[in-house]
2 protein chains.
Amino acid sequence: MREPSPDKQEAILETALRLFTERGFAGTPTSLISKEAGVATGTLFFYFKTKEDLIDTLYRRVKSEAAQEMGRGLDAEKTAKAKLRRLGRNAVGWGLENPAKLKFMEQFAHSPFVSTSAHEEGMSHFAFLEDLVLQGIRDGEIRDVEPSGLFCMMASALAGLIAHALSTNDEEERRTIIENGLDFIWFGMKAEGV
Amino acid sequence: MREPSPDKQEAILETALRLFTERGFAGTPTSLISKEAGVATGTLFFYFKTKEDLIDTLYRRVKSEAAQEMGRGLDAEKTAKAKLRRLGRNAVGWGLENPAKLKFMEQFAHSPFVSTSAHEEGMSHFAFLEDLVLQGIRDGEIRDVEPSGLFCMMASALAGLIAHALSTNDEEERRTIIENGLDFIWFGMKAEGV
DNA sequence: CATCAAATTGACTGACCAGTCAGTTTACGT
DNA sequence: ACGTAAACTGACTGGTCAGTCAATTTGATG
């Protein structure tokens with residue numbers, strides 16, 4: 001017998017991530033992925049039933065990694081304000097360090113040819129955020145409105161912030177962009193008079 | 001002689017918009033577009049040099065229409081706050097009435113296979129927004145930070161708001177989502193103590 | 001070492017698709 | 001009503017690509 005090689009599968013996933021962000025889903029043939037990953041065409045289809053399966057798997061991984069990274073250290077903070085700031089900083093930090101993964105996720109999220117199930121599964125990783133906001137409302141720190149709306153605004157604002165922060169290479173300027181962006185989000189959420 | 005028929009070109013553009021949002025760029029063959037538009041394959045390539053040319057043309061149109069719609073009636077408002085509220089309402093209104101065009105633009109914006117030139121040209125339509133924010137800062141209504149950052153946050157927050165507003169059919173709930181969302185954006189931008 | 005099942009290979013296939021082009025139709029000027 | 005140039009047609013082509021499969025290699029196990 002012989003065990004499946006995690007190396008090969010890993011190489012395929014890594015190569016696919018890079019190529020997808022460089023050339024899009026439709027623009028990267030599986031033949032190119034396997035070639036650049038140093039495996040045969042058949043091997044790719046041994047590890048992934050179809051091209052879509054490969055994309056889905058990649059999405060699940062990246063999304064789960066992102067969620068984990070963003071939640072890091074949130075428990076150490078006491079106030080909702082501090083938690084959110086930490087979350088925002090984590091998110092921006094992750095996005096800056098993994099621009100390829102970020103781009104992949106954006107592309108995936110807006111592509112009409114991917115399964116809804118993967119989308120929904122991806123969202124489940126962010127359940128802890130819902131709690132965070134609810135707790136913040138209960139404590140009077142966050143404006144008492146429909147939490148899913150706040151969550152949604154925050155998420156898209158964060159995505160915009162990361163994209164904008166990525167557009168400069170000046171370290172100082174970038175820091176300013178991030179701080180201003182996090183302020184924007186916090187002022188948008190906080191209860192009046194806090 | 002014979003003049004080009006605006007009807008045919010229009011039919012192609014409309015059909016392409018619908019199919020692109022339903023199936024993505026890569027998922028819609030030109031043959032299907034021409035078939036559903038009721039013209040021959042060759043006619044599509046008579047009006048548009050390539051498939052990419054068709055997509056670009058569509059983008060330019062939609063973006064320009066969106067910008068015009070969003071700027072509607074802004075001059076009538078006096079304060080930056082009122083202008084922004086009006087802008088936000090216009091944007092959400094447009095997005096709700098033209099979900100296909102919105103989806104198309106999102107897909108386009110995140111697709112790696114479209115020309116950068118079209119992107120940049122598209123942005124030029126929104127130049128008036130820059131002025132709006134600058135004026136607001138001068139008047140002390142808006143927080144005095146890098147305007148492009150504010151602009152960026154506002155744009156992505158608006159996109160998120162529209163997407164969220166589209167997710168419900170309950171008229172009352174939708175109104176609430178929009179008002180809360182616009183509040184989020186305004187609180188994120190306004191100067192403290194205004 | 002021999003065995004065997006799983007991993008791996010890459011040439012191949014059937015489907016699909018952007019774009020072409022030689023021919024046909026249309027409507028306008030004269 | 002005729003000539004003509006542009007609009008329009010759709011069968012066709014050259015190329016590409018997802019996925020297959022028969023053959024081969026690999027390595028764990030007895």
Side-chain angles (χ1 to χ4, degrees), chain A residues 1-60 104 107-108 111-115 117-118, chain B residues 1-60 104 107-108 111-115 117-118:
Chain A
M1 268 192 262
R2 208 178 148 194
E3 296 296 304
S5 145
D7 291 0
K8 294 241 158 96
Q9 191 171 3
E10 212 56 37
I12 293 169
L13 283 168
E14 262 174 48
T15 310
L17 175 66
R18 179 171 55 80
L19 291 174
F20 282 149
T21 57
E22 281 169 16
R23 323 168 33 120
F25 297 141
T28 54
T30 51
S31 58
L32 184 65
I33 298 172
S34 45
K35 193 175 161 192
E36 300 233 339
V39 302
T41 325
T43 307
L44 190 152
F45 287 97
F46 175 76
Y47 284 106
F48 306 96
K49 228 163 64 69
T50 62
K51 187 184 185 181
E52 200 182 326
D53 180 32
L54 168 60
I55 297 175
D56 267 26
T57 306
L58 207 44
Y59 178 74
R60 274 174 240 270
F104 171 80
Q107 207 181 301
F108 188 95
S111 171
F113 96 88
V114 286
S115 63
S117 80
Chain B
M1 269 189 260
R2 209 177 148 192
E3 294 297 303
S5 144
D7 290 1
K8 294 240 158 96
Q9 192 172 2
E10 212 56 35
I12 292 169
L13 284 167
E14 261 174 49
T15 310
L17 175 66
R18 180 171 56 81
L19 291 175
F20 282 149
T21 56
E22 280 169 17
R23 321 167 35 117
F25 297 141
T28 55
T30 51
S31 58
L32 185 65
I33 298 173
S34 46
K35 193 175 160 192
E36 300 233 339
V39 302
T41 324
T43 307
L44 190 154
F45 288 98
F46 175 75
Y47 284 107
F48 306 97
K49 227 163 66 68
T50 63
K51 186 184 185 181
E52 199 182 326
D53 181 32
L54 167 61
I55 296 174
D56 268 26
T57 306
L58 208 44
Y59 178 73
R60 273 174 240 272
F104 172 80
Q107 206 181 303
F108 188 96
S111 171
F113 95 88
V114 285
S115 63
S117 79

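So you know, we letter chains A, B, ... as the sequences are listed, proteins then strands, and number each from 1.
- Residues A:V39 and A:I33 are not in side-chain contact: their nearest non-hydrogen atoms beyond the backbone lie 4.5 Å or more apart.
- Taking A:R18 as the reference, A:E36 meet the side chain to side chain donor-acceptor pair (under 3.5 Å) condition, with sequence neighbours excluded.
- Judged as a side chain to side chain donor-acceptor pair (under 3.5 Å), and not counting sequence neighbours, A:E22 has no contacts.
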Using atom names, set out every protein N or O paired with an N or O of nucleotides 16-20 of chain D below 3.5 Å, distance rounded to 0.1 Å.
{"unit_1": "D:dA18", "atom_1": "OP1", "unit_2": "A:K51", "atom_2": "NZ", "d": "2.8"}
{"unit_1": "D:dA18", "atom_1": "OP2", "unit_2": "A:T30", "atom_2": "N", "d": "2.7"}
{"unit_1": "D:dA18", "atom_1": "OP2", "unit_2": "A:T30", "atom_2": "OG1", "d": "2.8"}
{"unit_1": "D:dG19", "atom_1": "OP2", "unit_2": "A:K51", "atom_2": "N", "d": "2.8"}

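- Look at CG on B:L19: it is 15 Å from C1' on C:dC17, rounded to the nearest Å.
- In this entry the distance linking CZ of A:F46 with P of C:dT9 reads 11 Å, nearest Å.
- Between the P atom of C:dT8 and the CD1 atom of A:I12 lies a distance of 8 Å, rounded to the nearest Å.
- Summarising the geometry of B:Q107 relative to B:F25, their closest heavy-atom pair is NE2-N, 3.3 Å, with the distance given to 0.1 Å.
- B:L44 places its CG atom 13 Å from the C1' atom of D:dG10, with the value rounded to the nearest Å.
- Below 30°, between 30° and 60°, or above 60°: for B:Y59 and B:F108 the angle between ring planes is below 30°, a parallel geometry.
- Scanning both residues, B:S31 and B:S34, for their nearest heavy atoms gives O-OG, 3.0 Å.
- Between the P atom of D:dA7 and the CZ atom of B:F48 lies a distance of 13 Å, rounded to the nearest Å.
- Rounded to whole angstrom, the span from the CD1 atom of B:I33 across to the P atom of C:dG19 amounts to 11 Å.
- Side-chain atoms of B:T43 lie closest to D:dC8 of the nucleotides D:dC8, C:dG10, C:dT8.
- An OP1 or OP2 oxygen of C:dT8 is reached within less than 4.0 angstrom by a side-chain nitrogen or oxygen of A:K8.
- Counting to the nearest Å, the P atom of D:dA7 and the CG atom of B:D7 are 14 Å from each other.
- Taking only side-chain nitrogens and oxygens, B:Y47 comes nearer than 4.0 Å to OP1 or OP2 of D:dC8.
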